[in-house]
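Note that these values count all heavy atoms, side chains included, but never hydrogens, waters or copies made by symmetry.
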Amino acid sequence: MSPMYFSFTSAFILGLMGLAFNRSHLLSALLCLEGMMLTLFIATAIWSMMLNSTSSSIIPMIMLTFSACEASAGLAILVAASRSHGSDNLQNLNLLQC
């Protein structure tokens, strides 16, 4: 296993573990998701550079676009939740209740 592959895998797994085990605030969950998406973006960018193919060079840009959309939707949910519930604690949020 190369050091680059190990560092990307460990960064993605650390983001996944932070998302799974640290469920106290919505902002920390969004930061873990963003870290996972940035790790995937960097890995696909390096992968497309290693292939030397022009057809696969658009994949990191599409992933970065989806990551920006995910971040903006997450921040909108964070603002709406903090306005209606007063905090971003995930234990206080019940999404099934109107």
* Of the non-hydrogen atoms in Cys32 and Leu19, which two are nearest, and what is the gap between them? -> SG-N, 3.7 Å
Give, for atom [atom1] of [X] and atom [atom2] of [Y], the distance between the pair rounded to the nearest 0.5 Å.
{"X": "Ile62", "Y": "Thr44", "atom1": "CD1", "atom2": "OG1", "result": "10.0 Å"}
{"X": "Met63", "Y": "Phe41", "atom1": "CE", "atom2": "CZ", "result": "9.0 Å"}
{"X": "Met36", "Y": "Leu38", "atom1": "CE", "atom2": "CG", "result": "11.0 Å"}

* Asked: Can you list every pair that meets side chain to side chain donor-acceptor pair (under 3.5 Å) and has a residue in residues 66-77, with sequence neighbours left out?
  -> Glu34-Ser67
* To do: Could you list all the side chain to side chain donor-acceptor pair (under 3.5 Å) pairs where at least one residue sits in residues 1-12, not counting sequence neighbours?
  => none
Quick one: side chain to side chain contact (heavy atoms under 4.5 Å, CB included) partners of [X], sequence neighbours excluded?
{"X": "Ile59", "answer": "Trp47, Ser56"}
{"X": "Ile42", "answer": "Phe8, Ile46"}
{"X": "Leu14", "answer": "none"}

Would [X] and [Y] show up in the same hydrophobic cluster when neighbours are defined by side-chain heavy atoms closer than 4.5 Å?
{"X": "Met4", "Y": "Met49", "result": "no"}
{"X": "Leu30", "Y": "Ile77", "result": "yes"}
{"X": "Leu33", "Y": "Leu26", "result": "no"}
{"X": "Leu31", "Y": "Leu64", "result": "no"}

* **Side-chain touch Leu78/Leu75, heavy atoms, less than 4.5 angstrom** => yes
* Asked: When Ile, Leu, Val, Met, Phe, Trp and Tyr are grouped by side-chain heavy atoms lying under 4.5 Å apart, directly or through other members, which residues fall in the same group as Met17?
  -> Ile13, Phe21
